[in-house]
Amino acid sequence: MSDGATSDGGMGDAPSGGFAGRRRRCRGPRQETLLRMLENTLVHAERPGELIVYAGLAKAARDRTALKRIIEALTELEEDETLVVQSGKPIGVFPTGTRAPLVVMANSNLVGRWATSEHFYELERRGLIAWGGYTAGDWQYIGSQGIVQGTYQTLAAVADEHFGGSLAGRLVVTAGLGGMGGAQPLATVMAGGVALCAEVDPDRIRRRVDAGYLDRGTESIDEAVEWADAAIEAGEPASIGLLGNAAQVLPELRARGVVPDVVTDQTPAHDLLYGYVPAGMSTADAAALRESDPGELGRRARVSIAAHVECMLAWQDAGSVVFEYGNNLRAQAAEEGVDAFRIPIFIERYIRPLFCRGLGPFRWAAASGDPADIDAIDALVVREFPDNPLVGRWIPKARRYVRQEGLPARISWLAHGERARLALLVNEAVGSGALRGPVAFTRDHLDAGGVAQPLRETENMPDGSDAVSDWPLLNALLTAGSGADLVAIHAGGGGYAGYMQSAGVTLVADGTAAAGERITTALTADTGIGIMRYADAGYPAAADAVRASGLRWFG
Ligand code: NAD
């Protein structure tokens with residue numbers, strides 16, 4: 001076993017501030033980097049006291065005791081050992097070898113017949129399970145930049161398809177300014193448009209204004225419409241928070257004759273108890289009813305969602321571009337008899353063509369805490385991938401608009417092959433001392449190889465394989481077998497049960513030759529199985545990508 005006395009990968013003498021002032025606490029730079037990713041995930045928590053990072057209940061660890069033990073375990077972990085984490089609780093450490101993951105985890109998985117909200121909540125209450133979201137439970141969250149980029153990417157694709165490549169002079173109406181939804185106003189502004197965002201909680205509006213993600217807020221519908229009209233007339237990008245319940249203020253906007261160009265939503269409609277606030281209630285009212293009569297709260301939330309979706313459908317019929325942004329809004333409204341699935345999901349329409357080429361939300365974080373490391377990698381990405389238009393369009397905008405929070409980090413959509421190439425170049429730069437410390441590479445689970453979610457990422461697959469969750473499980477097995485540093489299998493979503501199966505992966509570039517080998521095999525495997533999944537489903541573009549990859553395929 002390693003004695004832990006190896007180079008600290010530059011982390012120990014990084015500049016002060018943030019994470020950077022601290023010396024390495026773990027026995028190797030890979031373990032330290034994973035620990036910093038865990039801490040960084042918690043830096044971004046919407047409710048840090050409860051370890052809840054976003055989406056109502058997505059946790060980075062089961063509870064405070066589990067968190068303390070995970071930190072201790074990572075601190076003592078050797079290079080050839082694997083820490084096993086079950087739904088945010090550390091279980092044990094195994095001797096596995098230096099090519100094995102340092103951490104494996106399974107978060108919120110339930111046997112099919114028992115994968116219901118009732119079972120989930122009961123097990124959660126008894127402290128036996130925790131929901132990890134996509135990137136909270138596996139310590140891959142880099143703050144709202146990830147979702148800003150994803151939302152920008154979606155809006156840019158909408159602009160390309162419907163509005164000649166720009167949202168300038170276009171009105172985007174949406175709701176929810178939470179951990180994920182808070183990115184919507186900034187992403188709209190980056191795409192040139194005017195965002196009008198309904199939000200029921202005044203604190204959330206304030207937080208997004210303070211963070212520079214939202215220009216200003218009002219509780220007056222008239223004032224919001226006035227501001228939006230003025231920005232549209234001037235052709236200036238702008239973002240406006242409107243205090244109110246989406247189920248009430250959207251129909252009121254419609255009654256005033258507003259027909260937005262684009263309509264979507266990021267209220268937490270996947271969760272009727274801890275998420276969507278019913279019409280006529282404050283967040284405090286909803287919390288009180290949750291205690292006294294949770295069934296009634298759920299019923300009221302669903303009725304409100306139905307009204308909300310009816311309004312979106314009316315706008316769709318009037319010519320607005322309307323799509324669901326993956327919050328299970330349509331399924332909840334459909335339970336109330338609304339013909340909600342007339343609204344398309346954003347993935348099938350705008351994102352899946354990218355997944356067919358393995359193009360997806362790749363991201364990296366500088367464990368040194370030094371923003372100069374991210375500046376250097378920005379320059380490298382732009383130089384290395386001049387033909388990837390997503391990079392050319394995004395990186396300059398990200399540098400201008402995205403404030404670094406927590407560990408300096410960047411997300412950029414890169415394709416199969418591009419990801420391994422970039423990570424290898426970065427690994428060399430870490431090794432040569434051009435970067436100040438190790439770099440963690442990871443991705444959203446919302447990616448080619450990462451997820452089965454029949455109401456979102458895998459809705460309407462051409463071969464009908466929407467609900468086959470073998471694919472993310474194969475992804476996890478393959479990335480674990482090919483040298484990834486952390487591999488996670490997640491389930492839950494949509495009321496936290498039964499809606500999705502996904503896999504997450506993290507690689508650490510610590511500048512060593514061994515890291516170079518792990519990066520090459522694991523990142524090739526990660527997107528490789530992704531493009532094969534879409535090729536297998538019948539997408540010709542994915543089959544072309546697989547053929548071009550040189551991987552052996554039996555299609
Ligand atoms: P969150 O719980 O952090 O925030 C939700 C916000 O919505 C809160 O600010 C809340 O006050 C507000 N809200 C609740 N009910 C409302 C109502 N009726 N009207 C107006 N505002 C209301 O949740 P989040 O992390 O921002 O995620 C939001 C939803 O978007 C989730 O369902 C999440 O799963 C989904 N999402 C999906 C994707 C994806 O598909 N890739 C990406 C991001 C988010």
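Order of appearance sets the numbers: ligands from 1, and atoms from 1 within every ligand. The first residue of the sequence shown is numbered 1, and numbering continues consecutively from there.
Residues forming a salt bridge (Lys or Arg N to Asp or Glu O under 4.0 Å) with D444 (at least two apart in sequence, or on another chain): none. For D210, the salt bridge (Lys or Arg N to Asp or Glu O under 4.0 Å) test picks out no residue, with sequence neighbours left out.
In the model, D466 has no side-chain atom that pairs as donor or acceptor with a side-chain atom of N460 under 3.5 Å.
Within the structure, the side chain to side chain donor-acceptor pair (under 3.5 Å) test picks out the following pairs touching residues 528-538 (sequence neighbours left out): S465-R533.
Taking the six-membered ring where tryptophan is involved, the planes of F323 and Y350 are perpendicular, since the angle between them exceeds 60° and thus also 30°.
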Give every pair formed by an N or O atom of ligand 1 and a protein N or O atom closer than 3.5 Å, one pair per line with both atom names and the distance to 0.1 Å, or write none.
from	atom 1	to	atom 2	distance (Å)
ligand 1	2 (O)	G56	N	3.4
ligand 1	3 (O)	G179	N	2.8
ligand 1	3 (O)	R204	NH1	3.4
ligand 1	9 (O)	E199	OE1	2.7
ligand 1	9 (O)	E199	OE2	3.1
ligand 1	11 (O)	E199	OE2	2.6
ligand 1	15 (N)	V277	N	2.9
ligand 1	18 (N)	N245	OD1	3.1
ligand 1	18 (N)	N245	ND2	3.4
ligand 1	18 (N)	V277	O	3.0
ligand 1	19 (N)	A246	N	2.9
ligand 1	21 (N)	V200	N	3.3
ligand 1	25 (O)	A55	N	2.9
ligand 1	25 (O)	M180	N	3.2
ligand 1	26 (O)	G179	N	3.3
ligand 1	26 (O)	M180	N	2.8
ligand 1	26 (O)	G181	N	2.9
ligand 1	32 (O)	H270	ND1	2.4
ligand 1	40 (O)	Y325	O	3.3
ligand 1	40 (O)	R456	NE	3.2
ligand 1	40 (O)	R456	NH1	3.2

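Distance check, rounded to the nearest 0.5 Å: CH2 of W413 to CZ of R419 gives 9.0 Å.
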